[in-house]
2 protein chains.
Amino acid sequence: MSEAGVMTTGYSIKAASELTGITEDTIRYYEKIGLLPRAQRKENSHRVYTEGDVELMKLISCLKKTGMPLDEMRPYLNLSRDSNLSEYPELYDKIQIHKRKILDQIASLQQIVDFIDTKVSEGNFGERKRNEDCTLTGDVKRMPVRNK
Amino acid sequence: MSEAGVMTTGYSIKAASELTGITEDTIRYYEKIGLLPRAQRKENSHRVYTEGDVELMKLISCLKKTGMPLDEMRPYLNLSRDSNLSEYPELYDKIQIHKRKILDQIASLQQIVDFIDTKVSEGNFGERKRNEDCTLTGDVKRMPVRNK
DNA sequence: GTATAACTTGGAGTCGACTCCAAGTCAAGG
DNA sequence: CCTTGACTTGGAGTCGACTCCAAGTTATAC
């Protein structure tokens, strides 16, 4: 074998972790809460992941990065890869709504960048005159996540 | 008085909450953790906020929306309104770094929107072919925040 | 054979950011 | 005088998302 756990039979949890950037603990946690399906086990009960599993994990971290809570991802992940999105109009609507949120996020982040540029060039940061409220929609936040 | 707590003497916590969209509890919490300076009190020990205080709160929710943790905001808030940013090269650098992060966030969010558009029009969502890893930087997430 | 490494499990602990609560104060209205 | 309502305080509880741990198994390396 050349890379960690890659031997045509599939990826080890370590390999999956390296490929996705998600820690092993977190992958197990995702399985525990049912975000990922229970992984196949080898005779020794070690988890084995397929290419598809890895892609699913990547999709999770993708969605996570747009501020989607883990709970909300479930429907998208369940549907993943097999059937056609257009067969689930409700889900389709949800994702369009989510897309809208992301676009709003983008617009608002852009506003803040503009704000920074203005304030920085004007010198003082906490100016009041017409701090346009930076109308953000999402309540997006950073989390503990001190991933080693 | 016409609006809640507005009587030229300043804003009540309720008024400030309404103006900023931050709950009263959260405003007190911010004061508790020293993110906001201890508010002036009236004889009856009720908090009174100035226009400037309110703007400071708005700035907090602004920054929060860009994914900045409360702890990281302190330096910006302390400096707020009085002195010139360019006098604090270290802080200036920090905010430029933060700006960079926001721009990366924007780029990545844009990627995800593109991803959604492609996948949605192609039908299936969890496709693998060249799901370009949606190289997000920030680990931005949504939080509990079920604000009333 | 024994140590090392890579995994397994269940469960407890942490962290940031709230959110809620009980008990108390105070002013104004009826 | 008593109630109502807006506030005060300190502290406890919640929530999402990890993160860490101890104890156990198994396979290869020496």
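Chain identifiers are assigned alphabetically (A, B, ...) following the order of the sequence lines, protein sequences preceding nucleic acid strands; residue numbering begins at 1 within each chain.
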Can a donor-acceptor pair be found between the side chains of B:Thr66 and B:His98 at a distance below 3.5 Å?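 Judged by distance alone, the side chains do pair up.
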Going by atom types only, do B:Tyr11 and B:Glu51 share a side-chain donor-acceptor pair under 3.5 Å?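 Yes, a side-chain donor-acceptor pair sits under 3.5 Å.
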side-chain hydrogen bond (donor to acceptor under 3.5 Å, both in side chains) against A:Gln110, all qualifying residues, sequence neighbours excluded: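 Scan of A:Gln110 (side-chain hydrogen bond (donor to acceptor under 3.5 Å, both in side chains), adjacent residues dropped) gives A:Asp114.
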Could you give the [atom1]-to-[atom2] distance, from [X] to [N], as a whole number of Å?
| X | N | atom1 | atom2 | answer |
| --- | --- | --- | --- | --- |
| A:Asp71 | D:dG16 | CG | P | 7 Å |
| A:Tyr49 | C:dT8 | OH | P | 7 Å |
| B:Leu35 | C:dG16 | CG | C1' | 13 Å |
| A:Glu72 | D:dC15 | CD | P | 17 Å |
| A:Met73 | D:dC18 | CE | P | 8 Å |
| A:Arg41 | D:dA27 | CZ | P | 16 Å |
| A:Ile27 | C:dC7 | CD1 | P | 11 Å |
| A:Leu36 | D:dA17 | CG | C1' | 14 Å |

Closest listed nucleotide, where the reference is the side chain of [X] and the choices are [options]:
| X | options | answer |
| --- | --- | --- |
| A:Asn44 | C:dC26, D:dA27, D:dC7 | D:dA27 |
| B:Asp25 | C:dT19, C:dT9, C:dC18 | C:dT19 |
| A:Pro69 | C:dA17, C:dT9, D:dA17 | D:dA17 |
| B:Glu24 | D:dC7, C:dA17, C:dT9 | D:dC7 |
| B:Tyr30 | D:dC7, C:dC18, C:dT9 | C:dC18 |
| A:Thr26 | C:dT9, D:dC18, D:dC21 | D:dC18 |

Would you list the protein and nucleotides 2-6 of chain D atom pairs, both N or O, that sit under 3.5 Å from each other?
none

Evaluate the side-chain proximity of B:Tyr30 to B:Leu70: yes if any heavy-atom separation is below 4.5 Å, no if none is.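 Answer yes - side chains close enough.
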Would you say B:Leu36 and B:Asp53 make side-chain contact, with heavy atoms under 4.5 Å?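 The answer is no, as the side chains (C-beta and beyond) never meet within the 4.5 Å cut-off.
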Contact nearer the 5' end of DNA chain D, comparing B:Lys32 with B:Ile13: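 Residue closer to the 5' terminus by nearest nucleotide: B:Ile13.
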Is there a side-chain polar atom (N or O) of [X] under 4.0 Å from OP1 or OP2 of [N]?
| X | N | answer |
| --- | --- | --- |
| B:Arg47 | D:dT8 | yes |
| B:Lys64 | C:dC18 | yes |
| B:Arg28 | C:dC20 | no |

Electrostatic pair A:Arg47-A:Glu31, nearest N-O below 4.0 angstrom: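 Salt bridge: yes.
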Pick base, sugar-phosphate or nothing for B:Ile33, based on heavy-atom distances below 4.0 Å to the nucleic acid.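 The residue B:Ile33 makes no contact with any strand.
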Option from A:Met68, A:Glu55, A:Met73, A:Lys65 for which side chain to side chain contact (heavy atoms under 4.5 Å, CB included) with A:Ile60 holds: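 Looking at A:Met68, A:Glu55, A:Met73, A:Lys65, the match for A:Ile60 under the side chain to side chain contact (heavy atoms under 4.5 Å, CB included) is A:Met73.
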Checking B:Asp71 now: which residues fulfil salt bridge (Lys or Arg N to Asp or Glu O under 4.0 Å) with it, not counting sequence neighbours?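 Checked B:Asp71 against salt bridge (Lys or Arg N to Asp or Glu O under 4.0 Å); matches are B:Arg74.
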